[in-house]
Colleague: 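Shown below is the structure under consideration.
Read the numbers this way: they start at 1 and go in the same order the structure lists the ligands and their atoms. This chain uses plain numbering: 1 for the first residue, then up along the sequence.
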Amino acid sequence: MESKKKTYTLIGAGIMSATLAVMLKKLNPNSKIVIYERLNKIGAESSAAWNNAGTGHSGFCELNYTPEKNGAIDLSKALKISEQFEISKQLWAYLKSNKELGPKIAFINDIDHMSLVWGKENRAFLKKRYEAMNKYPIFEDMTFTEDFEVMKNWAPLMMKGRKNNNDVAMTRMPIGTDVNFGAITRGMIKHLESHDDVEVSLGYEIQDISKIGTQWEIEVEHLETGKNFKVQSDFVFIGAGGGAIPLLEKTDIPQSKGFGGFPVSGQWLKCNNPEVIKQHEAKVYGLADVGSPPMSVPHLDTRMMDGKKALLFGPYAGLTVKFLKEGSILDFPMSIEIHNIWPLISAGWKNLPLTKYLAEQVFQSMEDRFEFLQKYYPDAKIEDWELVEAGKRVQIIKEDKIDGGGKLQFGTEIVTDDDLTLAALLGASPGASTSVSIMLNLLEKCFPNEFQTTAWQSKIKKMIPSYGESLIDDGDLLRKTRAYTTKVLKLEE
Ligand SMILES: Cc1cc2nc3c(=O)[nH]c(=O)nc-3n(C[C@H](O)[C@H](O)[C@H](O)COP(=O)(O)OP(=O)(O)OC[C@H]3O[C@@H](n4cnc5c(N)ncnc54)[C@H](O)[C@@H]3O)c2cc1C
C-alpha cells in the first residue's frame, strides 16, 4: 500500500536546501518538495561564488583545523573535514554521472592547497603538523619545504621581493580544489524542477512558522506584490543561512530558546591585473592573527569563476547588523529577545578580544588592508586591487547551561523540535564543503525509522559509495574513492 504523500518545505535556495532536497527526493520519491527563496535567484547569498572563498575544505591548508595541544598536533578536526569533503565529492560525482546537475556546468577545479608561515615557532609547527598528517592516507600526498627555491616554484608571486626568505616554510597538497558552490546549487535545483512534484518559488519570503495540530503552517509573502498566504507542511527545513535565527525564533519551539547570533561581514581584495592573476596558481593559507575569529584566516586564492581565473585575498572581517548580504539593518536588533539578550551580552563580554578585533577591522583603511596583503605578496601594487563585499556569517551564540550566560558556538548545529518535523541549520563553518555530511546527519536525526531501512540505506550507498565505511582508516577505499571522483569530476591535473 502506498503511504500518503508527504510535503517537505525547505526555506532558502542555498546549497544546504538544494542538497537536502536532492537526497530527500531520491530517498522518498513519493513526496512533494517545496522550496521558498526570498531572492529572485537561486544560490545567490552565501553559496554564491563571489560571496565565499570557494575552498573545497579538506583540512589540507587550513592551519586553524590542526591546533597544537600539549605539544601534539590535534588532527581530529582536519581528518573529519577531509573525509566529509570526500563524501560531498561522491554525491556530486553521482549526480554528474547521472546528468542530474544541470547541463555543462564547471563547478569544481583542481588547485594546489598550500600553507605558508614564517617565524621559527610557526615553521616548527608546520613541520610537526606535516609529519603528523603524512602518516594518514588522506593526507599522504602532502609535501613540506623550507627551501626557498622550491617555494619560488610553488608560489612565485608570493616569493617575489620577500625579505625573510630564510625564515619561511610551506606545505603543498596537489589534490586541493576550488568549488563554485553557487553553480552546484543551481545545478541541483534546476534538475529537481524537472520533477512534477517539486516547486521552487523565487521572490517569496517566509514570515512566520507555527504548529497547528500535526502540521506546520507557514506564512509566505510574495515580495513583489506584498501578498501573503499560508501553506501547510509535514516537515520544514529552515535552510535560510544567516536568516535562520529569526525564523527559528518564530517557531516558538522550546529548543529555539537561548540562541542568538551576531553577524560578521566579509570583504576581499580582488585583483584586477590579468598579468598578476596569471602568475598565481594555488590557494595559500596563512595563520590567523591572535584573537581573530577562525573565519578570518588570511589566504591568497586562485579562483575559477565560470571558467575565468580570478585572484582574491582576504577575508577581512567587520561588524554589521545585517544577517544576509541582501538583508536589512533591522536583522540583528529584531533578533534580540528576552531569551537571548543575556547570552548575547555575556558572550560579547567573555570574548572581548574578538569584539575588539572586529571593531578594529571596521576602522581599517584600504592602506591598512593592503599592508596586510603585502605580508603574503610583498611586491603587490595597491592600484591592482579593489575591495569587494563577500557574504555574511552569523556567529551563533548559545546559552551556556553552566553559568546561564552565553558562549560562542563554532561549527554547525541542527536544531529540531520534539516531533522531529522541523529542523533548522545554524552556523556556517566549515560550510558548503561539508554540506552533504551535514544533510545526512539531519536526515538521520529527523527520519530515524526510515533512515535505518534497507531501502534508504541502499539508496544512500548508491549516492555515496563509501557511506558507512571509514576513509580515514581504510587507505585502499580512500584511494579507490578518490580515483572515482577525480575521474568523474575531471580533477586530473
Ligand atoms: C566570507 C565567506 C567565506 C566562505 N568560504 C567558504 C569556503 O571557502 N568553503 C566552504 O565550504 N564554505 C565557505 N563559506 C561558507 C558557505 O558559504 C556556507 O556554509 C554555505 O553557502 C551556506 O549555505 P546555506 O544554504 O546554508 O546558506 P545560503 O547560501 O546563504 O542560502 C540561504 C538562502 O536562504 C534565503 N532566505 C533567508 N531568509 C529567508 C526567508 N525568510 N524566506 C525565504 N528565503 C530566505 C537566502 O536569501 C538565501 O538564498 C564561506 C562563507 C562566507 C560568508
Colleague: With nothing but distance in play, are any N or O atoms of A44 less than 3.5 Å from an N or O of ligand 1?
Modeller: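 In fact, backbone or side chain, A44 has no N or O that close.
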Colleague: If the threshold is 4.0 Å, N to carboxylate O, is there a salt bridge linking K250 and E219?
Modeller: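 No salt bridge links K250 with E219.
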Colleague: Counting distance only, does the side-chain N/O of D178 pair as donor-acceptor with the main-chain N or O of R303 below 3.5 Å?
Modeller: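 Checked: no pair found.
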Colleague: For atom 8 (O) of ligand 1, what is the nearest protein heavy atom, given as residue, atom name and distance?
Modeller: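 Its nearest protein heavy-atom neighbour is T55 N, 2.9 Å.
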Colleague: Purely on distance, is any nitrogen or oxygen of S433 under 3.5 Å from one on ligand 1?
Modeller: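 N/O-N/O distance below 3.5 Å exists for this pair.
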Colleague: Ligand 1 and A432, any nitrogen or oxygen pair closer than 3.5 angstrom?
Modeller: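 Checking ligand 1 against A432, an N or O pair does fall under 3.5 Å apart.
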Colleague: Enumerate the atoms of ligand 1 whose separation from the nearest heavy atom of L39 is less than 4.0 angstrom.
Modeller: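 Selected atoms, number and element: 47 (O).
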Colleague: What do we get for L324 next to ligand 1 when only non-hydrogen atoms under 4.0 Å count, side chain, backbone, both or neither?
Modeller: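 Answer for L324: side chain.
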Colleague: Can the ring centres of Y377 and F313 be said to be less than 6.0 Å apart?
Modeller: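 Here the rings of F313 and Y377 have centres that are no less than 6.0 Å from each other.
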Colleague: For ligand 1, which is the ligand I care about here, please tell me if A53 has any N or O atom under 3.5 Å from one of the ligand's N or O atoms.
Modeller: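 Yes; the residue has a nitrogen or oxygen that sits under 3.5 Å from a nitrogen or oxygen of the ligand.
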Colleague: Counting only heavy atoms closer than 4.0 Å, does ligand 1 sit against the backbone of E326, its side chain, both, or neither?
Modeller: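 Answer for E326: neither.
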Colleague: Thinking salt bridges, do D197 and K32 make one under a 4.0 Å N-O criterion?
Modeller: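 Salt bridge between D197 and K32, a charged N being under 4.0 Å from a carboxylate O: no.
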Colleague: Could you find the nearest protein heavy atom to atom 17 (O) of ligand 1 and give me its residue, atom name and distance?
Modeller: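 Closest protein heavy atom to atom 17 (O) of ligand 1: S46 O, 3.1 Å.
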Colleague: For ligand 1, is there an N or O atom under 3.5 Å from any N or O atom of E45?
Modeller: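 No, E45 has no N/O under 3.5 Å of an N/O on ligand 1.
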Colleague: Does ligand 1 come near enough to L425 that some N or O of the ligand is less than 3.5 Å from an N or O of the residue?
Modeller: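 So ligand 1 has no N or O lying under 3.5 Å from an N or O of L425.
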Colleague: Could you identify the single nearest non-hydrogen protein atom to atom 34 (O) of ligand 1 and state the distance to 0.1 Å?
Modeller: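 Going by distance alone, atom 34 (O) of ligand 1 is nearest to G12 CA, 3.2 Å.
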Colleague: Is the backbone of K80 close enough, under 3.5 Å, to the side chain of E83 for a donor and an acceptor to pair up by distance?
Modeller: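 It does not hold such a pair.
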Colleague: Does E326 come within less than 4.0 Å of R38, counting only side-chain N to carboxylate O?
Modeller: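 No, no charged N to carboxylate O under 4.0 Å.
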Colleague: For ligand 1, which is the ligand I care about here, please tell me if S17 has any N or O atom under 3.5 Å from one of the ligand's N or O atoms.
Modeller: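 The answer is no, given that S17 and ligand 1 share no N or O pair closer than 3.5 Å.
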Colleague: Tell me the protein heavy atom at minimum distance from atom 19 (O) of ligand 1, and give that distance in Å.
Modeller: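 Heavy-atom neighbour on the protein nearest atom 19 (O) of ligand 1: G431 CA, 3.2 Å.
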Colleague: Is there a side-chain contact between F262 and L408 in this structure, where contact means two heavy atoms from C-beta onward sitting under 4.5 Å apart?
Modeller: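 Yes, side chains in contact.
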Colleague: Of all the atoms in ligand 1, which lie at a distance below 4.0 Å from a heavy atom belonging to K392?
Modeller: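 The list of qualifying atoms is 53 (C).
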Colleague: Scan side-chain atoms only and decide if T9 and S233 contain a donor-acceptor pair under the 3.5 Å cut-off.
Modeller: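 Judged by distance alone, the side chains do pair up.
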Colleague: Any salt bridge linking K257 with D252? Criterion: basic side-chain nitrogen under 4.0 Å from a carboxylate oxygen.
Modeller: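 Judged by the 4.0 Å cut-off on N to carboxylate O distance, K257 and D252 do form a salt bridge.
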Colleague: Consider every N or O of G54 and every N or O of ligand 1, then say whether any pair is closer than 3.5 Å.
Modeller: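 Between G54 and ligand 1, an N or O pair is found under 3.5 Å apart.
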Colleague: Only one of F447, F237, W216 passes ring pair (Phe, Tyr, Trp, His ring centres under 6.0 Å) with Y8; say which it is.
Modeller: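 Among the candidates, only F447 passes.
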Colleague: Just need the protein heavy atom nearest to atom 24 (P) of ligand 1, so name the residue and atom and give the distance.
Modeller: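 Protein heavy atom with the smallest distance to atom 24 (P) of ligand 1: M16 CG, 3.7 Å.
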Colleague: Is the shortest distance from a heavy atom of P315 to ligand 1 less than 4.0 Å?
Modeller: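 No, P315 has no heavy atom closer than 4.0 Å to ligand 1.
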Colleague: Does any N or O in the side chain of H280 come within less than 3.5 Å of the main-chain N or O of L311, such that one atom is a donor and the other an acceptor?
Modeller: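 Not at all, since once roles are kept as given, no pair shorter than 3.5 Å links the two residues.
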Colleague: In the protein, what heavy atom is nearest to atom 42 (N) of ligand 1, and what distance, to one decimal place, separates them?
Modeller: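 The closest heavy atom on the protein side is I206 N, 3.0 Å.
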Colleague: Atom 47 (O) of ligand 1: which protein heavy atom is closest, and how many Å away?
Modeller: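 Closest protein heavy atom to atom 47 (O) of ligand 1: E37 OE2, 2.7 Å.
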Colleague: Within the 4.0 Å heavy-atom shell around G391, which atoms of ligand 1 are there?
Modeller: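 Reading through ligand 1 atom by atom, the close ones are 53 (C).
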Colleague: Do Q215 and E217 have a side chain donor and acceptor closer than 3.5 Å?
Modeller: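 Their side chains do not contain a donor-acceptor pair, so the 3.5 Å distance test is not met.
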Colleague: Hey, does the side chain of K283 reach the backbone of A53 with a donor-acceptor pair shorter than 3.5 angstrom?
Modeller: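 Between the backbone of A53 and the side chain of K283 there is a qualifying donor-acceptor contact (under 3.5 Å).
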Colleague: Quick one about E249 and H339 (side-chain donor to acceptor, distance below 3.5 Å, no hydrogens or angles considered), yes or no?
Modeller: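 A pair is found: one side chain offers a donor N or O, the other an acceptor, under 3.5 Å apart.
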Colleague: Quick one: does ligand 1 sit under 4.0 Å from the side chain of F181, the backbone, both or neither, non-hydrogen atoms only?
Modeller: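 Looking at F181 and ligand 1, just side chain atoms fall under 4.0 Å.
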Colleague: Under 4.0 Å from ligand 1, counting heavy atoms only, is it the side chain of V179, its backbone, both or neither?
Modeller: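 V179 to ligand 1: no contact under 4.0 Å from either part.
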Colleague: Is S47 close to ligand 1, meaning an N/O of one under 3.5 Å from an N/O of the other?
Modeller: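 Yes, at least one N or O pair falls under 3.5 Å.
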Colleague: What protein heavy atom is closest to atom 27 (O) of ligand 1, reported as residue, atom name and distance in Å?
Modeller: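 Answer, as residue, atom name and distance: G241 CA, 3.6 Å.
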Colleague: Using a plain distance cutoff, I'd like to know if N51 has any nitrogen or oxygen under 3.5 Å from a nitrogen or oxygen of ligand 1.
Modeller: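 No - when backbone and side-chain N and O of N51 are compared with those of ligand 1, no distance drops under 3.5 Å.
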Colleague: Do K6 and N28 get their side chains close enough for a donor-acceptor pair, meaning under 3.5 Å?
Modeller: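 No, because no side-chain N or O of K6 sits under 3.5 Å from a partner of the opposite role on N28.
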Colleague: With heavy-atom distances below 4.0 Å as the criterion, list the atoms of ligand 1 near H57.
Modeller: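 Listed by number with element, the hits are 7 (C), 8 (O), 9 (N), 10 (C), 11 (O).
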Colleague: Looking at ligand 1, is there an atom of it that comes within less than 4.0 Å of some heavy atom belonging to A240?
Modeller: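 Yes.
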Colleague: Regarding T481 and E86, is there a side-chain donor-to-acceptor distance under 3.5 Å anywhere?
Modeller: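 T481 vs E86: no donor-acceptor pair found between side chains.
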